**Student:** 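Below: one structure in structure tokens.
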2 protein chains.
Amino acid sequence: MNVTRGSLNPAGYTIGVDFGTLSGRAVVVRVADGAEMGTAVHEYRDAVIEQALPGGGPELPPDWALQNPQDWLDVLRIAVPQAVRASGVDPAEVIGIATDFTACTFVPTLRDGTPLCEAPGLAARPHAWPKLWKHHAAQAQADRITDLAHERAEKWIGRYGGRISSEWQFAKALQVLEEDPATYNRADRFIEAADWIVWRLCGRETRNACTAGYKGIYQDGAYPSTDYLGALNPRFADFAQTRLEHPLSALGTKVGTLTPLAAEWTGLPPGIAVAAGNVDAHVTAPAVGAIGEGRLLAIMGTSTCLVVNATVLADVPGICGVVDGGIIAGAYGYEAGQSAVGDIFSWWTSMTSSAHERLSQACADQPVGAHGLLALDWMGGNRSVLVDHNLSGVIAGLTLATRPEDVYRALMEATAFGTRVIVEAFETAGIPVTDFVVAGGLKQNDMLMRIYADVLRRPISIAASDQAPAVGSAIHAAVAAGAYPDVATAADAMARVLTNAYRPDPARADAYDVLFTEYRTLHDHFAGRGAGSDPLAHRLRRIRNVARTARTGEGPA
Amino acid sequence: MNVTRGSLNPAGYTIGVDFGTLSGRAVVVRVADGAEMGTAVHEYRDAVIEQALPGGGPELPPDWALQNPQDWLDVLRIAVPQAVRASGVDPAEVIGIATDFTACTFVPTLRDGTPLCEAPGLAARPHAWPKLWKHHAAQAQADRITDLAHERAEKWIGRYGGRISSEWQFAKALQVLEEDPATYNRADRFIEAADWIVWRLCGRETRNACTAGYKGIYQDGAYPSTDYLGALNPRFADFAQTRLEHPLSALGTKVGTLTPLAAEWTGLPPGIAVAAGNVDAHVTAPAVGAIGEGRLLAIMGTSTCLVVNATVLADVPGICGVVDGGIIAGAYGYEAGQSAVGDIFSWWTSMTSSAHERLSQACADQPVGAHGLLALDWMGGNRSVLVDHNLSGVIAGLTLATRPEDVYRALMEATAFGTRVIVEAFETAGIPVTDFVVAGGLKQNDMLMRIYADVLRRPISIAASDQAPAVGSAIHAAVAAGAYPDVATAADAMARVLTNAYRPDPARADAYDVLFTEYRTLHDHFAGRGAGSDPLAHRLRRIRNVARTARTGEGPA
């Protein structure tokens with residue numbers, strides 16, 4: 001395995017800033033070869049707002065998740081100058097800045113970009129605050145959006161695997177309209193945080209192609225029609241026209257220059273290039289060179305996000321979405337995901353009071369199938385390809401001789417099988433998948449990577465950087481600053497990846513083929529697909545919810 | 001709840017001796033009312049012989065389990081006099097002794113009852129040693145016995161739920177014949193340890209109706225025919241005639257008197273009554289008054305044994321067996337079982353490094369169904385009604401919020417559902433089940449008892465004694481000694497039970513009905529019944545076995 005480095009040598013440095021769920025991270029990158037010169041992290045003070053607004057007040061309803069925009073600005077004010085200081089780079093040599101964000105994290109604002117929660121008289125209204133990606137309280141709206149789209153045979157619904165998520169723009173905005181119309185009416189704009197932060201940096205409102213496509217149902221040059229939106233709710237008919245519509249910027253585009261105020265926050269030179277916004281997962285692709293067709297990038301952490309480019313446009317059932325230029329201009333970018341991956345392993349360590357290290361060590365060299373177990377990795381529901389968050393996990397094959405490490409390994413394998421189901425869905429739809437590239441915290445898990453290589457029967461390349469999203473942003477900044485003609489060329493020079501760090505072992509891959517067939521059968525049985533189906537997991541969940549409601553206070557929280 | 005006591009007042013005391021898997025226990029009981037006066041336990045020195053014979057030598061094959069007859073005699077020599085001393089009772093007031101044993105624990109002997117392993121030149125031959133009930137190495141023989149019985153439409157096969165266990169007499173003896181014919185030929189008799197110990201006490205060879213029926217395929221006055229046995233193996237044709245056949249003694253019968261040698265061992269008066277042998281589970285029924293029709297007795301410990309009397313004879317699919325007079329003379333005694341019950345709870349505490357107490361406390365008051373889980377209690381296979389030890393456990397409904405105590409409770413419920421499947425099998429076959437009486441270590445588990453009452457929708461009575469089998473033997477001794485005319489009358493006077501200690505809660509029972517329907521569906525799915533079926537558990541076990549064989553030393557033991 002070797003670290004791929006670029007051969008061009010443009011001068012200077014760029015800043016990439018990655019806005020995560022709990023913190024923001026800034027990195028200073030050398031434009032010539034992608035070398036990371038310095039980095040700094042700032043933890044959000046209000047983190048994820050789930051209980052009550054920062055000013056206090058009543059408890060928020062279940063499944064709410066908000067954020068405080070001031071926390072994001074603090075990343076610019078604190079982490080960026082810290083990273084520059086840590087790098088030893090002269091700020092004058094910085095030629096551009098780019099950002100990536102969680103998505104859909106959606107901000108209602110006044111016409112000048114002031115977040116509604118900072119507008120006079122609105123700080124105490126929960127719907128005035130930005131809704132974080134994992135705000136899941138708009139499921140009713142999402143269901144109606146999906147159902148109506150199928151009813152009206154809207155062409156765009158197929159681009160989203162047949163289902164619109166409660167996490168996305170239209171569901172979140174419709175929830176605001178229907179639950180707090182006064183606040184909705186005060187919002188001149190609804191804008192992705194990915195675009196809002198760029199607005200703060202360069203003083204210009206812009207919209208990027210990535211979030212507009214994946215989270216905003218922007219397809220074939222248009223948002224959902226006023227007809228469709230009006231059928232959802234008459235007062236929602238003009239939502240896209242009045243609060244969303246704006247020309248889109250391709251990824252890597254320079255959308256403006258750093259304002260004097262933002263220069264003061266960051267300590268960077270005013271006037272340097274500011275790139276279009278981006279999403280944390282998608283922006284990672286160029287950082288690890290996963291931009292060619294068939295190179296499937298998995299950002300593996302608590303959950304897994306999968307993105308891949310293709311030259312063809314296809315409807316892939318059960319994926320999150322396909323967007324023209326959604327990952328890189330000129331290609332169709334596909335996104336899919338697994339709701340829980342690292343979260344499942346952590347859950348099991350907590351169930352068994354065992355450390356990851358001990359469990360890993362105890363099962364690392366087990367022959368494939370020796371534990372006799374088979375699990376379904378749905379402890380956090382299933383994002384792709386079943387798109388069903390009411391599914392739940394299953395472990396089969398348990399005996400009195402089963403040990404914690406056996407289940408741990410079976411859970412790891414189950415997530416790999418889950419990835420393989422997604423890979424096969426892409427292939428069945430005609431989207432090639434030839435390589436597998438891993439970024440995110442789980443790339444350091446050697447056993448897991450070996451399992452994935454064997455289960456997927458594909459070589460696995462590993463991101464060299466532990467902060468690949470921020471580096472991806474820095475690559476976009478280099479393009480925006482004109483150091484490279486396009487993102488592909490910049491990636492060629494700046495990407496850092498351990499190519500084919502893991503290769504499948506044919507014998508183990510054969511053994512996993514047998515287990516994957518079993519997984520697929522169990523998967524299909526418990527998924528309970530088909531019209532009017534009501535799988536066991538749904539029935540158990542209803543029983544659970546009734547039991548908890550009936551005797552509140554006696555059951556678990 | 002009240003403790004039922006007798007009203008007759010015959011004089012004196014009897015001794016009950018319960019031979020378990022790891023130890024033997026003696027109890028001194030007052031004949032008048034069943035009061036326990038003293039008790040003592042003796043742990044077997046060689047316990048379960050699974051690795052190598054006591055004298056050393058090569059490793060035994062997998063699934064073997066032998067015992068040393070000297071350990072059983074030590075119980076008579078050590079525990080009986082200790083119990084008498086502890087009781088303060090004058091040995092001269094002891095009027096009889098009775099014993100119960102694990103079964104089928106099967107001893108090859110010379111004509112005078114000398115165990116083959118003590119015969120000249122045979123101590124080093126594994127097949128010369130008594131095979132303990134859990135010797136599971138005769139599965140191939142058991143399968144042939146079952147298959148041939150169906151092929152020839154032997155009437156008796158229906159009495160055993162359609163399947164003869166590898167644990168039973170014919171499978172074990174056939175294994176000896178086929179693997180070590182020389183030792184087989186030296187055996188003048190094959191005899192249950194239950195009858196062998198009685199032979200040592202009174203000097204007379206006898207056979208009891210219980211083991212002959214449940215473990216010896218003795219039905220309608222005959223063993224399997226020489227024709228049938230000869231078809232299994234020509235040299236096996238005369239097995240029953242020459243090595244088994246002997247008039248049967250009804251339970252509670254006096255079969256002889258204590259010999260001077262046995263009197264010396266035990267410190268009891270020579271000439272006192274010795275009762276026919278019995279099995280630990282079945283002998284418990286009179287000790288808790290569970291002898292009337294419909295009173296299902298569950299001996300609940302690591303596994304559960306279920307016995308119930310009925311006035312009618314019926315073939316019940318999947319049960320262990322039905323025997324005329326198998327529990328009490330004059331009634332058809334039915335036996336069924338669950339392979340693992342307490343073992344499953346212990347396994348889970350070990351998986352999660354949590355104490356029973358902590359887990360119980362954490363989930364004791366959960367509303368029914370609040371954990372959202374459903375489990376199959378097959379971690380030790382399924383004895384009734386599926387009779388399939390290659391099945392394995394399943395847990396469904398797992399989420400990232402599932403806690404160890406949630407699974408713990410779901411496992412308890414799963415064993416209760418497993419019991420309900422057996423109860424319904426009885427009822428479907430026309431065998432009434434009206435009450436549920438619990439003996440064994442798990443009777444002390446309050447939460448478990450509440451769950452069983454609710455799941456079974458039946459009142460639960462609890463054995464007052466912690467050593468109910470030994471007390472049951474003492475009751476049989478009282479009958480053998482003539483203190484009572486029959487076991488039913490003796491039980492009426494001597495049984496001690498907390499009647500209806502638990503009653504079902506209608507609301508919780510309703511909630512469990514819903515979950516039981518789900519259990520039944522999951523049960524049937526994973527059981528994979530039907531001709532040529534190959535359930536997932538079997539496939540996973542084959543994969544496991546191949547994986548372990550292929551890379552011996554790398555996988556788990």
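The sequence lines fix the lettering, A, B, ..., with proteins before strands; numbering per chain opens at 1. From a predicted model like this one, the values you see are computed outputs, not experimental measurements.
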**Student:** Should A:Arg539 and B:Val514 be marked as a side-chain contact (heavy atoms from CB on, under 4.5 Å) after you check the CA-CA gap, both sets of side-chain angles, and the distance that decides it?
**Tutor:** CA-CA 10 Å; A:Arg539 302 193 303 268; B:Val514 176; over 6 Å; no
**Student:** Using heavy-atom distances under 4.5 Å, tell me whether A:Leu391 contacts chain B through its side chain, its backbone, both, or neither.
**Tutor:** neither
**Student:** For the side chain of B:Arg548 and the backbone of A:Ala370, is there at least one donor-acceptor N/O pair under 3.5 Å apart?
**Tutor:** yes
**Student:** Measuring heavy-atom distances to chain A, does B:Leu515 have an atom under 4.5 Å in its side chain, in its backbone, in both, or in neither?
**Tutor:**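 The answer is the side chain of B:Leu515.
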**Student:** Quick one: closest heavy-atom pair of B:Leu400 and A:Asp343, and the distance?
**Tutor:**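 Taking B:Leu400 first and A:Asp343 second, the nearest heavy atoms are CD2-O, 3.5 Å.
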**Student:** Which atom names give the shortest non-hydrogen contact between A:Leu536 and B:Ala396, and what distance separates them?
**Tutor:**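 Shortest heavy-atom separation between A:Leu536 and B:Ala396 comes out as CD2-CB, 4.2 Å.
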**Student:** For the residue pair B:His525 and A:His525, does the interplanar ring angle fall in the parallel (under 30°), tilted (30 to 60°) or perpendicular (over 60°) class?
**Tutor:**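 Correct class here is parallel.
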**Student:** What part of A:Leu522 is in contact with chain B, defined as an atom under 4.5 angstrom from a non-hydrogen atom: side chain, backbone, both or neither?
**Tutor:** side chain
**Student:** With only heavy atoms counted, which part of A:Thr402 is less than 4.5 Å from chain B, the side chain, the backbone, both or neither?
**Tutor:**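 Both backbone and side chain of A:Thr402 come within 4.5 Å of chain B.
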**Student:** Check the pair A:Leu398 / B:Ile395 against side-chain contact (heavy atoms from CB on, under 4.5 Å), numbers first and verdict last.
**Tutor:** CA-CA 8 Å; A:Leu398 296 162; B:Ile395 307 173; 3.6 Å; yes
**Student:** For the interface with chain A, which of B:Thr399, B:Thr521, B:Val394 has the highest count of heavy-atom pairs at distances below 4.5 Å?
**Tutor:** B:Thr399
**Student:** Could you report the tightest heavy-atom contact between A:Gly397 and B:Ser392, atom names first, then the distance?
**Tutor:** CA-OG, 3.2 Å
**Student:** Of all the heavy-atom pairs spanning B:Gly369 and A:Ala547, show the shortest one and how long it is.
**Tutor:** C-CB, 4.0 Å
**Student:** Of the listed residues (B:Ala362, B:Ser353, B:Ala537, B:Pro404), which shares the most heavy-atom pairs with chain A below a 4.5 Å separation?
**Tutor:** B:Pro404
**Student:** Can you establish whether the number of heavy atoms outside B:Arg541 located under 6.0 Å from its atom CZ is more than 12?
**Tutor:**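 Enclosed.
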**Student:** Between B:Ser354 and chain A, with a heavy-atom cut-off of 4.5 Å, which part of the residue counts as in contact: side chain, backbone, both or neither?
**Tutor:** neither
**Student:** Side chain, backbone, both or neither: which part of A:Ala340 has an atom under 4.5 Å from a heavy atom of chain B?
**Tutor:** side chain
**Student:** Checking A:Trp347 side chain against B:Ala401 main chain: does a donor-acceptor pair fall under 3.5 Å?
**Tutor:** no
**Student:** Which heavy atom of B:Arg403 sits nearest to which heavy atom of A:Met351, and what is that distance?
**Tutor:** C-SD, 3.5 Å
**Student:** Can you check whether B:Arg544 reaches A:His371 side chain to side chain, under 4.5 Å on heavy atoms?
**Tutor:** no
**Student:** Write out, in numerical order, the residues from residues 377-389 of chain B with a heavy atom short of 4.5 Å from a heavy atom in chain A.
**Tutor:** B:Trp378, B:Met379, B:Gly380
